[in-house]
Amino acid sequence: MMERRRMDAALLVLFLGHLAGALEVPLDLPQPPTITHQSHKDYIIDPRENIIIHCDAKGKPHPSFSWTRNGTHYDIEQDPNVTTKPHSGTLVVDISRVKAEDYEGTYQCTARNKHGAAVSNNIVVLQSRSPLWSKEKIQPIVVQEGVSLVLPCRPPAGLPPPVIFWMDNIFQRLPQSSRVSQSLSGDLYFSNVLREDSRNDYICYARFPYTQTIQQKQPITVKVLNLDAINDTMAAFYNDTDLFSEDPVDERRPTFLIPYGPSSSKMVLRGQVLEMECIAEGLPTPNISWTKVSGEFPAKRTSFLYYQKTLRIVDVSESDAGEYRCMAKNRLGSVHHTIRVTVKASPYWISGAPRNLVLAPGENGVLTCRASGTPKPSITWAMNGISIENSPKDLSRKVEDDTIIFTDVQTGSSAVYQCNVSNEYGYLLSNAFVNVLSEPPRVLTPSNVVYKVIKNHRVLMDCASFGSPIPKITWFKDSRSGTLDGEMYNMHDNGTLEINVAQARNSGKYTCVARNILGIFENHVYLEVKEPTRILKQPEYKVIQRGRSVVFECKVKHDSSLVPTMNWLKDDGELPDDERLILDSESLTITDVTENDAGVYTCIVNTTLDHDSASAELTVIEATPTPAVVYERPDPPTDLELTDQKKRSVQLTWTPGDEHNSPIQKFLIQYEDSLHHRGHWHNLTEVPGTKTTAHLKLSPYVHYIFRVLALNSVGFSRPSFSSRTFKTDPAAPDENPTGVQGHGTEHNNLVISWKPLSGLQSNGPGLHYKVMWRQKSIDSEWTAVTVANNSKFVVSGTPTFVPYELKVQAVNDHGSGPEPAISHGYSGEDLPVAAPENVHVVVLNSTLVEVHWDAVPHKLIRGYLKGYKVYYWRERSLHKHNPHHVEKQILTFSGNHTHGMLPGLHAFSLYSFNVKVFNGKGEGPASPTQQFETPEGVPAAPSSLVITNPKLDSLTLEWSPPHDRNGLITGYTLKYQPVNNSNELGPVEELALPANETSVTLFNLKYSTRYKFYLNAKTDRGAGPAISQEAVTIMDEVPAVSPFGNVNSSMGEEGALISWEYWGPEKNVYVEYVVKNSEGQEEWQKELVNGSQNYMLKGLKEGLSYRVRLVAKGHSDQAPHRSKEVVVEVPAVASRQVDIATQGWFIGLMCAIALLILILLIICFIQRNKGGKYPVKEKEDAHTDPEFQPMKDDDCTFGEYSDNEDHKPLKGSSTPSNGTVKRDDSDDSLVEYGEGEDGQFNEDGSFIGQYSGKSASRDTAEGQESSEAPSPINAMNSLNSFV
């Protein structure tokens, strides 16, 4: 006993030690075969299509395949009708010249390479069969009304069994109910027959699913007669003898038609569906109920079908065993039947199938094949397809029932072991290999991945690895002071490092180390912990008067490395497209607010890692009214009266209430239906505020109560008192349901749905619906059923995805609604049954291929075609140094595409892919998996380039190969050139390096010279991008020279401008300055000036002197370079400019000029008021000058003036002093504005309506002669006459 316990403990340790050993071995390593795809154990084939028996496997080297048929070797090469797919063991049987039944039998596939052999299940291939119904003549059945009846179906035995349903001769399903129903065997049972059951087309149909054929039995005629009809019929044959003198069939208590007797038993397998039925006869029709004697029904797995006559339990378990009782009951009594259910089980896994083992030489391991079943199954082992007893002996292997123990395994012990678990109800066959490998560790996770996480959130950093022995994973951070453990870190079994609550101190470089006895592999990743995004100042609730502006603030704090985007929503929707809404970086402004702007405004801030949001409500109110007038809501209307009463209309009158200084805009009439919706008021109609009567159109079968509300600019009044009740008479429906649709929820049903009528639309009591349907593609009669006040009806047993025409008509106790319109729908979808064929790929370049396939026939899609999906994954790189990748990707091509592009592929890689069609139900089977190789591409840049060991005339470059090689590296190209102090590049030297070198030393370089190096890798496709680096050769025993020169300063209006020359390699350059003679009391101020050679120092204090210098900084371990200091003196007054407008001499000068202008104007005015005629000579001169002359600048006098009746123009006439006639800079003729209709003038509107050419004032002015100063009207007339 103690020895047995020690053995159990050892097994447990071995099992736990290699639980993680169920690894995927990279395909570039040796490994035994693994079956990846095989046909089902029971494979029923369609005799019209080629037979495809699948068997695919992987391994290294790639396995070869062989087959057995009915237990003996099957030589495929000797059969001209059988071929195998490339790189696969899949058999394809061409049945164009042979019968499919010739290839029935049991097949088994073996995949073999030098490391072992894996075998498939026994694949039993059987041809589907749909035999014809035997011809028979069925006599009519004549039964007395009220008796029970069974119509047998007895379909021919098919493979698989057919689906049975009963229809009439127009292919409409026969209606079933609690009285008439179909049994599980397909027979049609009548608990009692009625006169309406008489018909001559009871037809049983059998649908064979694989061949998609339907066969029918000969029609059965049933005649149901009552006693008087039978006597009258038979008396004609027997001289009017009364043959049926007994009483009509009486009501009777129930008895069971099936099952028979008081009890029965039933066996079901675990995981299958348990169906039990009880069908009873009786009058009246009995009701069926079910109970479980020894417990409760499993609620989620139990359903009752066919009017409670069938009990169904899915996914049966051992707990479902026991006694079930069905009871049939009507008002005369009851009867019950007990069914004893036993549950058996074919073998099933307890802890999963055996897992592959990868062991290093000298290691121990365990293969476990733990399964159960009822009865208990037997377990047998095989190695490479041969019974373990007949296999070569191996001292490291020990078989103990369901376990094989391996101790101290050695190279060459790799093999595939088969575990077969079987009992009388089935078997399980599983392959698991033992692969003995010595492999140093490798990390499969990409290197240098940057993980970003928000502070206080969880982060997972991956470190997937492989090696034999299994590598141990450890994690280090930054300087590797110790492994990461403790409460902050959680190490997962698969190598993943978890930090539950990330903090800023967790940021940094992390190293994952995979270690076994054969080596060490390191992988570096980086973690960046970001500050959370938070809204510091949230928008606040606002109450704003209409016409004002409102501002919602939304100030955000975020991590400096994250770029936030801010969006605003209104009432959870997008902002209106309105120029009044102004978005700023931290606010939303709404100008000229209106009532439509009221609502909830939400500020949402998003970054790539997190987000935050805040909301506030805006309420818009009217501006405060003038206190002199008080506006209020109107008083409610009064004195409601109903007149002119008709069947569907009535007239309502009322008296308006007080308006309260705001006119009534409209009246709202509401009603309450006290018959259907008591207590609920509905809007009926609106009338203008000037009316006090309304003619109301009403619906039938409603008890109306009315009330009226008045509306003015303030709002609605309180409701008026209710009117008396007005009842309308019921009538047939005026309308039918809307929204009629047809769709399937299962592959064999059709759900007809509609929007039911409301109580107001029903027009009367007893509302129900007449639902009608027929197949669209078949010229058949409508099938109709009556449905209670519901919104859907399910038609069962329909063919999969066929079109239907649908109608739904409303009916009540007073008649039917109008003829309904025809709608269309489809029965339920099912998964596609075929995969795309003729799948092939065209490689376009190293990162892009085009996949082609043939469209799947519509009938095989069995639903709405949604498109095709291409599943593809990178198996591995074709380069031995690149890790194994299997990450499936999916590209979806909507619609009926037959090709598609796969972009973004890795060059020089092996890919696998397949294609699936999908419909609304889901995806169909996948096409056979195929593979393609992408050609070589140009490599990525080398992973690193480091310059070491710099000397006077030489230095060494070390590099790492590219991470993505994209092909076979054929060599490297190194280019380098000197860089002088002004950053000008010298001549380029080029050096070709072999592919196996990762370092080179360059000699004969110039001392103390900066060089720039470029290194790139090459494949046969060309050179990849280069990595660059700079370095300086050293100067032996020569003091360091400052890289700065010509440092100068100059003062300007904005500050001190510092300029310099710089030829150093350092990137960080600063200007530093400090107050002179500060004697260390102040620190040097620093300004970053990268990439520039001048800088403006601002903010220097007046009257002080500053010491200024340039500083260049490299790495932290290098001393900075400094320039010579310069002294900058800031004068006490930074600028000598004076505001002239504030100086006394300028103010005095301006006053003197203004006084002179005033005196000059007075002289001009006196000259113009002297009166008298102008000389004739000057008058004639006026005629010769057609242009208006401006005021003379030298003496401020105007040109000559004429006041004769010809209205000759003033020479040099201008606008009046108030500037209302014409602008000084205008060249427009006043004629264009002075003539025409009244009140027209130039664009500034000065003379509109005042100096019209037709006004009375103008006529008066024309009749007078005066020596006084001319009025503006005279000036206008003079101008008109001149033109």
Side-chain angles (χ1 to χ4, degrees), residues 23-39 52-65 84-92 109 111 113 118 120 356 431 433 444 446 464 466 834-854 856 868-880 882-893 897-918 923-937 964-967:
L23 303 174
E24 283 289 332
V25 182
L27 277 178
D28 60 338
L29 297 179
Q31 57 182 293
T34 301
I35 301 288
T36 58
H37 184 213
Q38 57 182 313
S39 295
I52 300 177
I53 309 175
H54 290 282
C55 181
D56 293 307
K58 65 178 182 178
K60 182 71 172 183
H62 191 74
S64 60
F65 299 88
T84 59
K85 291 190 175 181
H87 311 292
S88 170
T90 299
L91 299 183
V92 179
C109 168
N113 66 12
S120 70
N356 296 332
N431 293 277
F433 65 63
L444 306 180
F466 179 81
E837 295 183 348
N838 194 22
V839 178
H840 60 281
V841 67
V842 178
V843 178
L844 300 180
N845 55 44
S846 60
T847 61
L848 178 68
V849 301
E850 186 174 30
V851 180
H852 294 261
W853 61 87
D854 289 345
V856 176
Y868 293 85
K869 292 183 179 180
V870 178
Y871 288 77
Y872 64 101
W873 58 97
R874 185 187 182 194
E875 295 283 2
R876 61 183 174 84
S877 170
L878 297 178
H879 194 278
K880 64 179 181 179
N882 284 43
H884 174 66
H885 298 280
V886 181
E887 181 179 348
K888 282 195 175 182
Q889 301 183 62
I890 305 173
L891 273 181
T892 301
F893 301 95
H897 281 78
T898 57
H899 65 276
M901 299 285 191
L902 303 185
L905 303 178
H906 291 271
F908 202 55
S909 299
L910 176 65
Y911 279 87
S912 297
F913 75 99
N914 55 48
V915 185
K916 297 180 181 180
V917 66
F918 69 100
E923 298 177 0
S927 66
T929 299
Q930 300 186 34
Q931 293 184 329
F932 63 87
E933 295 180 355
T934 53
E936 287 189 85
D964 293 326
R965 307 193 180 198
N966 297 337

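In this text the structure is predicted, and so the values were computed from the model without any measurement.
- Under the rule for a ring-ring contact (aromatic ring centres under 6.0 Å, His included), the partners of His852 that lie at least two apart in sequence or sit in another chain are His840, His899.
- Atom CZ in Phe466 sits 5.5 Å away from atom CG in Leu29 (nearest 0.5 Å).
- Judged by distance alone, the side chain of Thr934 and the main-chain N or O of Ser909 form a donor-acceptor pair under 3.5 Å.
- Legend: residues meeting side-chain hydrogen bond (donor to acceptor under 3.5 Å, both in side chains) with Lys60, ordered by chain and number and at least two apart, are absent.
- In this structure, the side chain to side chain contact (heavy atoms under 4.5 Å, CB included) partners of Glu936, at least two apart in sequence or on a different chain, are Phe908, Leu968, Thr1019, Asp1020, Arg1021.
- Side-chain contact check for Phe913 versus Gln930: some heavy-atom pair is nearer than 4.5 Å.
- With values rounded to the nearest 0.5 angstrom, Leu902 atom CG is found 9.5 Å from Leu844 atom CG.
- Distance check: Ile53 CD1 to Cys109 SG gives 10.0 Å after rounding to the nearest 0.5 Å.
- No more than 12 heavy atoms of other residues, nucleotides or ligands shown are found within 6.0 angstrom of CD on Glu837.
- Checked against side-chain hydrogen bond (donor to acceptor under 3.5 Å, both in side chains), Thr36 has no partners two or more places apart in sequence or in another chain.
- Under the 3.5 Å distance criterion, the side-chain polar atoms of Asn845 are matched with a main-chain donor or acceptor of Thr847.
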Ignoring hydrogens and angles, write down the donor-acceptor pairs under 3.5 Å from the side chains of residues 84-91, residues two or more places apart or on other chains.
{"from": "Ser88", "atom 1": "OG", "to": "Cys55", "atom 2": "O", "distance (Å)": "3.3"}
{"from": "Ser88", "atom 1": "OG", "to": "Asp56", "atom 2": "OD1", "distance (Å)": "2.4"}
{"from": "Ser88", "atom 1": "OG", "to": "Thr90", "atom 2": "N", "distance (Å)": "3.0"}
{"from": "Ser88", "atom 1": "OG", "to": "Thr90", "atom 2": "OG1", "distance (Å)": "3.0"}
{"from": "Thr90", "atom 1": "OG1", "to": "Cys55", "atom 2": "N", "distance (Å)": "3.2"}

Is there a side chain to side chain contact (heavy atoms under 4.5 Å, CB included) between Phe433 and Val25 once you walk through the steps? CA-CA 11 Å; Phe433 65 63; Val25 182; 4.2 Å; yes
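- Here Lys869 pairs with Tyr871, Ile890, Thr892, Phe918, Glu923 under the side chain to side chain contact (heavy atoms under 4.5 Å, CB included) rule; sequence neighbours left out.
- By the 4.5 Å heavy-atom criterion applied to side chains, Leu905 and Val849 are counted as neighbours.
- Rounding to the nearest 0.5 Å gives a distance of 11.0 Å between OG of Ser927 and CG of Asp854.
- Between Met901 and Leu848 the shortest side-chain heavy-atom distance falls below 4.5 Å.
- With sequence neighbours excluded, no residue forms a ring-ring contact (aromatic ring centres under 6.0 Å, His included) with His906.
- Using a distance-only test at 3.5 Å, with no hydrogens or angles considered, a donor-acceptor pair links the side chain of Ser39 to the main chain of His54.
- In this structure, Leu891 CG and Phe893 CZ are separated by 5.0 Å, a value rounded to the nearest 0.5 Å.
- Judged as a side chain to side chain contact (heavy atoms under 4.5 Å, CB included), and not counting sequence neighbours, the contacts of Pro61 are Asn113, Lys114, His115.
- Proximity of a side-chain donor or acceptor of Tyr868 to a complementary backbone N or O of Val856 within less than 3.5 Å is detected.
- Listed for the Trp853 side chain is a donor-acceptor partner under 3.5 Å among the backbone atoms of His897.
- Applying the side chain to side chain contact (heavy atoms under 4.5 Å, CB included) rule to Thr929 yields the partners Trp873, Ser912, Asn914; only residues at least two apart in sequence or on another chain are considered.
- The shortest non-hydrogen separation linking Pro63 to Lys58 is CD-C, 3.9 Å.
- Closest approach of Ala57 to Ala111, counting heavy atoms only: CB-CB, 3.7 Å.
- The line from CD of Glu933 to OG of Ser846 is 13.5 Å long, rounded to the nearest 0.5 Å.
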